[in-house]
There are 2 protein chains.
Amino acid sequence: MSPEAAEVLESAAPAGRMSATDRREQILVAATAVFGAKTYVGTTTDEVARAAGVSQPYVVRLFGTKQKLYIEVIQRAYAHLLDAFAAALPGPVDERASRLGAAYTGLLAERGMLPVIAGSTQMGGETEIGQVAREGFSSLWHFIRVDAGFSADETRGFFATGMLINAVVGLRLTDDYGTGVSATEVLDECFPDALEKVRAFLPKVGEPW
Amino acid sequence: MSPEAAEVLESAAPAGRMSATDRREQILVAATAVFGAKTYVGTTTDEVARAAGVSQPYVVRLFGTKQKLYIEVIQRAYAHLLDAFAAALPGPVDERASRLGAAYTGLLAERGMLPVIAGSTQMGGETEIGQVAREGFSSLWHFIRVDAGFSADETRGFFATGMLINAVVGLRLTDDYGTGVSATEVLDECFPDALEKVRAFLPKVGEPW
DNA sequence: CACTGTAGTAATCGACTGATAACATGTCAA
DNA sequence: TTGACATGTTATCAGTCGATTACTACAGTG
């Protein structure tokens with residue numbers, strides 16, 4: 001019934017020859033899942049390759065280095081999030097914040113996307129990767145502040161909530177829902193609308209993404 | 001004047017023979033700095049050993065495995081933070097939130113402490129480490145909610161702000177202060193009181209902790 | 001002083017990982 | 001058909017890392 005944990009990361013990969021452009025995108029999807037599940041250093045290029053259904057050297061050759069692959073993964077994740085925000089912008093102004101929030105939790109549907117973004121916020125010490133992460137974060141901030149028209153404090157609150165969601169997801173607090181008091185409260189009282197979404201998409205402890 | 005970047009991680013280590021208890025604590029301090037700077041998987045036991053001024057096998061023997069060492073580092077970090085919160089509790093009730101917030105940013109003075117806590121919130125997928133991280137987070141939540149008497153929503157806001165600080169620190173956004181619009185705003189308008197502290201203690205991009 | 005436990009190191013190993021080189025196969029235009 | 005380029009693999013390597021083993025040195029006690 002439930003798929004074997006070890007096989008969750010493996011995507012369908014019967015595809016034969018493919019255009020380099022399509023293959024790149026396929027690898028980026030797989031890489032997002034794996035990097036999100038195992039962090040940057042914790043991920044091997046071979047795991048990404050097998051998740052994408054290609055050989056390890058081919059992944060390296062297509063992207064140059066593991067670091068360059070990761071940078072593309074980050075940039076793609078921030079770009080997707082910006083797209084989701086942009087799509088959630090039109091509509092009643094008084095519901096704008098909740099629509100944008102839903103756009104964020106909606107990223108949970110794309111495997112690895114949210115943990116990749118969360119992980120990127122801890123890579124500021126890396127010279128090249130950190131630069132990309134700061135640019136991504138700043139682009140989000142600019143969108144919420146300028147395009148969405150939030151005040152400085154509203155923007156702060158919006159991002160703060162997002163970072164708390166990152167922690168809740170990263171900690172797998174959903175596993176303690178109903179048993180742990182803190183977990184139940186943080187999920188139940190603080191994310192009533194996101195709760196369903198989060199619990200539905202979140203993997204259990206020990207399970208890969 | 002300023003110490004060489006490569007030597008920042010190296011602590012004074014002229015000490016000769018030492019009691020195992022003292023040596024453990026010394027290694028935990030060093031390990032907190034290194035784990036905080038390079039993440040769990042990104043850190044080698046040899047780096048921890050050299051930062052503590054002992055040999056690599058000795059670190060492994062004292063703590064059993066790298067994972068057990070990391071678990072002790074996390075537990076120690078959460079315990080220290082709880083202590084800091086407890087110390088900040090007494091005083092005027094209307095300034096309680098800002099005192100507790102200052103207690104959090106005060107952790108920046110202990111090298112690696114804050115990034116270790118931030119990093120632990122992304123380790124929920126690891127069976128054993130995740131358990132420890134969830135327990136640590138829950139203990140903090142319980143303290144703020146119960147001992148400090150915050151409402152559910154106040155607690156949520158307090159933790160959300162903390163997670164945003166983690167991101168700001170992890171991204172090294174301070175490096176863009178004055179040049180990047182987003183960075184300047186998030187620091188200047190949103191953390192006016194913490195700004196000094198953060199900028200004073202934060203390493204620059206590329207520098208280890 | 002000898003004995004015993006504790007603190008500590010040097011040497012080394014097996015497993016892993018990112019990257020490279022060499023080779024193979026498929027596609028398509030002329 | 002054939003040449004030429006793009007897609008892809010197998011084999012392999014050099015470096016790294018956590019852990020184990022075996023050994024050394026010191027301190028306190030009777």
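Everything numeric here is computed off the predicted structure, so don't read it as measured data. A, B, ... follow the sequence lines: proteins, then strands. Residue 1 opens every chain.
B/Glu110 approaches B/His80 most closely through the heavy-atom pair OE1-ND1, 3.3 Å. Across all their heavy atoms, B/Tyr78 and B/Ala133 have their closest contact at OH-O, 3.9 Å.
Regarding B/Gln26, its CD atom lies at a distance of 13 Å from the C1' atom of C/dA7, rounded to whole Å. Here C/dC16 presents its C1' atom at 12 Å from NZ of A/Lys38, a figure rounded to the nearest Å. If you measure from atom CG of B/Asp22 to atom C1' of C/dA7, you get 12 Å, rounded to the nearest angstrom. What separates CZ of A/Phe63 from C1' of D/dG8 is a distance of 15 Å, to the nearest Å. Atoms OH (B/Tyr58) and C1' (D/dT21) sit 17 Å apart, rounded to a whole Å. In this structure, CZ of A/Arg50 is placed 15 Å from C1' of D/dT10, rounded to the nearest angstrom. Atom NZ of B/Lys68 and atom C1' of D/dA19 are 12 Å apart (whole Å).
Ring orientation note: the planes of A/Trp141 and A/Phe159 are tilted relative to one another, at an angle of 30° to 60°. Below 30°, between 30° and 60°, or above 60°: for A/Phe158 and A/Phe150 the angle between ring planes is above 60°, a perpendicular geometry.
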Test side chain to side chain donor-acceptor pair (under 3.5 Å) on A/Glu47 and A/Thr44 and set out the steps.
-> CA-CA 5 Å; A/Glu47 288 171 309; A/Thr44 69; 3.2 Å; yes
Scoring nucleotides 17-29 of chain C by protein non-hydrogen atoms under 4.0 Å (B base, S sugar-phosphate only, - none) yields SBBB-B--BBS--
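With a 6.0 Å cutoff to the six-membered ring centre and a 45° limit on the axis angle, B/Lys66 counts as a cation-pi contact of B/Tyr40.
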